There are 2 protein chains.
Amino acid sequence: MDASLLTIQPNAPDPIYRQIVEQLRRLIASGQLTSGELLPSVREVAGFHAINPMTVSRAYGMAEAEGLLERLRGKGMAVAATRRTVQSESQRMALLESQLQELARHANELELPAEPVLRRLAKLLGD
Amino acid sequence: MDASLLTIQPNAPDPIYRQIVEQLRRLIASGQLTSGELLPSVREVAGFHAINPMTVSRAYGMAEAEGLLERLRGKGMAVAATRRTVQSESQRMALLESQLQELARHANELELPAEPVLRRLAKLLGD
DNA sequence: CCAAGTGTATTGTTGTATTGATACACATGG
DNA sequence: CCATGTGTATCAATACAACAATACACTTGG
């Protein structure tokens, strides 16, 4: 994996370390990061995105605590061996559930009918 | 409007005052709060949700700065007179756009096909 | 007039989150 | 062996959010 594959928005509402953890969670669930694959070093990621190495380290540490990554002493962090298989579609859907619920709540507060919302999302998903 | 209509999650990632402002924005855009309608007092909202009155005041102040509310001295806050008409569907859709984009990005990272995502959202919107 | 209701400015405190700078322990690989 | 690469513990610096307790200016309604 290359450091450039991580999307980081320094001015986003949620902190950088969480952006990283959540992206790792999804990339691993989908199999874009495969078991045993070595991640870019904290300094590499930090240098590329002009952020502090400790911020990356914190993200890696949380991902390890979550069981996503494991540390290879002296080599770096790798996708955990327990993540052998791509998660099922329903398992991956579960990772979107809360976001979908929040979206539905907002659409409801806006009194928007389902159709235009679904149409817009379909367009965004279809590229 | 009744204080119980506001949804407040004290443990949510974004601060209480912003939750309030954003909800007001949507409720006004959809016409669920109509021009001139009086809002519950800061003490009323604060008491109902067990939060600090100043937190509510801060939210009201920001909503006023945004042109959503106007203050009626001695009476409280009311939906601004300039908000005479319900916003068009496309204007309300615009308030969902960034959230839709983020959702699409996450679905992509999860390598989820469009169909199950749209189906789940349709279910959530249809109640 | 005046008690009771508005919102708000003020000051201070508390707790937490986020990022950063530095130094360290450790394993690797020539 | 040891330079070089890992990750990270530690401490510090901010910034932010919420709360608390007042006090104040204002309007309403009796």
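Naming: A, B, ... by sequence-line order, numbering from 1 per chain. Just so it is clear, the structure is predicted and the values come from calculations on it, not from any experiment.
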Novice: Tell me: CD1 of Ile51(B) to P of dG15(C), nearest whole Å?
Specialist: 20 Å
Novice: State plainly whether the residues Glu22(A) and Arg18(A) are in salt-bridge range, i.e. N to O under 4.0 Å.
Specialist: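 Looking at Glu22(A) and Arg18(A), the cut-off is not met.
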Novice: For Asp14(A) and for Arg58(B), find the nucleotide of DNA chain C with the closest heavy atom, then tell me which residue's nucleotide is more 5'.
Specialist: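 It is Arg58(B), whose closest nucleotide lies nearer the 5' terminus.
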Novice: Report the distance from atom CE of Met1(B) to atom P of dT6(C), rounded to the nearest whole Å.
Specialist: 15 Å
Novice: Same cluster or not: Met54(A) versus Val42(A), using hydrophobic residues (I, L, V, M, F, W, Y) connected whenever any side-chain heavy atoms lie under 4.5 Å apart?
Specialist: no
Novice: Nearest-Å distance, CD (Glu64(A)) to C1' (dG7(D))?
Specialist: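 Result: 10 Å.
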Novice: Specify the closest pair of heavy atoms between Leu68(A) and Val21(A), including all atoms of both residues, with the distance to one decimal.
Specialist: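 For Leu68(A) versus Val21(A), the nearest heavy atoms are CD1-O, 4.5 Å.
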Novice: I need the CG-P distance between Asn11(B) and dT16(C), as an integer number of Å.
Specialist: 12 Å
Novice: Can you name the closest pair of heavy atoms from Ala107(B) and Leu125(A) and give their distance?
Specialist: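 For Ala107(B) and Leu125(A), the tightest heavy-atom pair comes out as CB-CD2, 3.8 Å.
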Novice: Do any side-chain nitrogens or oxygens of Ser41(A) fall under 4.0 Å of OP1 or OP2 in dT6(D)?
Specialist: yes
Novice: Taking the side chain as every heavy atom from C-beta outward, state whether Ile28(B) and Leu69(B) have any pair of such atoms under 4.5 Å apart.
Specialist: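 Of all side-chain heavy-atom pairs linking Leu69(B) with Ile28(B), at least one is under 4.5 Å.
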Novice: Between Met54(B) and Glu44(B), which is nearer to the 5' end of DNA chain C once each is assigned its nearest nucleotide?
Specialist: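 Going by which nucleotide is closer to the 5' end, it is Glu44(B).
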Novice: Regarding Thr55(B), tell me which of base, sugar-phosphate or nothing describes its non-hydrogen contacts under 4.0 Å with the strands shown.
Specialist: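 Counting heavy atoms under 4.0 Å across all strands, the contact made by Thr55(B) is with sugar-phosphate only.
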Novice: Round to a whole Å and report the spacing from CG of Leu38(B) to C1' of dT28(D).
Specialist: 12 Å
Novice: Got a sec? Which of residues 74-84 of chain B come in under 4.0 Å of DNA chain D, heavy atoms?
Specialist: Gly74(B), Lys75(B)
Novice: Starting at CD1 of Ile8(B) and ending at C1' of dA18(D), how long is that distance when rounded to a whole Å?
Specialist: 13 Å
Novice: Given dA18(D), dT8(C), dT19(C), which nucleotide is nearest the side-chain atoms of Tyr17(A)?
Specialist: dT19(C)
Novice: Compute whether any side-chain donor of one residue and acceptor of the other, for Gln19(B) and Gln23(B), lie under 3.5 angstrom apart.
Specialist: no
Novice: Inspect the contact between Arg26(A) and Glu111(B) and indicate whether a charged nitrogen and a carboxylate oxygen are less than 4.0 angstrom apart.
Specialist: no
Novice: Could you tell me the separation between the CG atom of Leu69(A) and the C1' atom of dT6(D), rounded to a whole number of Å?
Specialist: 14 Å
Novice: Mind checking if Ile16(A) touches a base, just sugar-phosphate, or nothing, with heavy atoms under 4.0 Å?
Specialist: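 Here Ile16(A) touches the backbone only, sparing every base.
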Novice: Taking the minimum atom-to-atom distance to the side chain of Arg71(A), which one of dT18(C), dA17(D), dT8(D) wins?
Specialist: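 Of the options given, the side chain of Arg71(A) lies nearest dT8(D).
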Novice: Less than 4.0 angstrom between a side-chain N/O of Asn52(A) and OP1 or OP2 of dA21(C), yes or no?
Specialist: yes
Novice: With respect to the phosphate group of dT8(C), does any side-chain polar atom (N or O) of Arg73(B) fall under 4.0 Å of OP1 or OP2?
Specialist: no
Novice: Does a distance-only test, which skips hydrogens and angles, find a donor-acceptor pair under 3.5 Å between the side chain of Arg43(A) and the base of dG7(D)?
Specialist: yes
Novice: To the nearest Å, give me how far apart CD (Gln9(A)) and C1' (dT19(C)) are.
Specialist: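 It works out to 18 Å between those atoms.
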Novice: Would you say the side-chain atoms of Ser41(B) pair up with the backbone N or O of Glu44(B), donor to acceptor, closer than 3.5 Å?
Specialist: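 Present.
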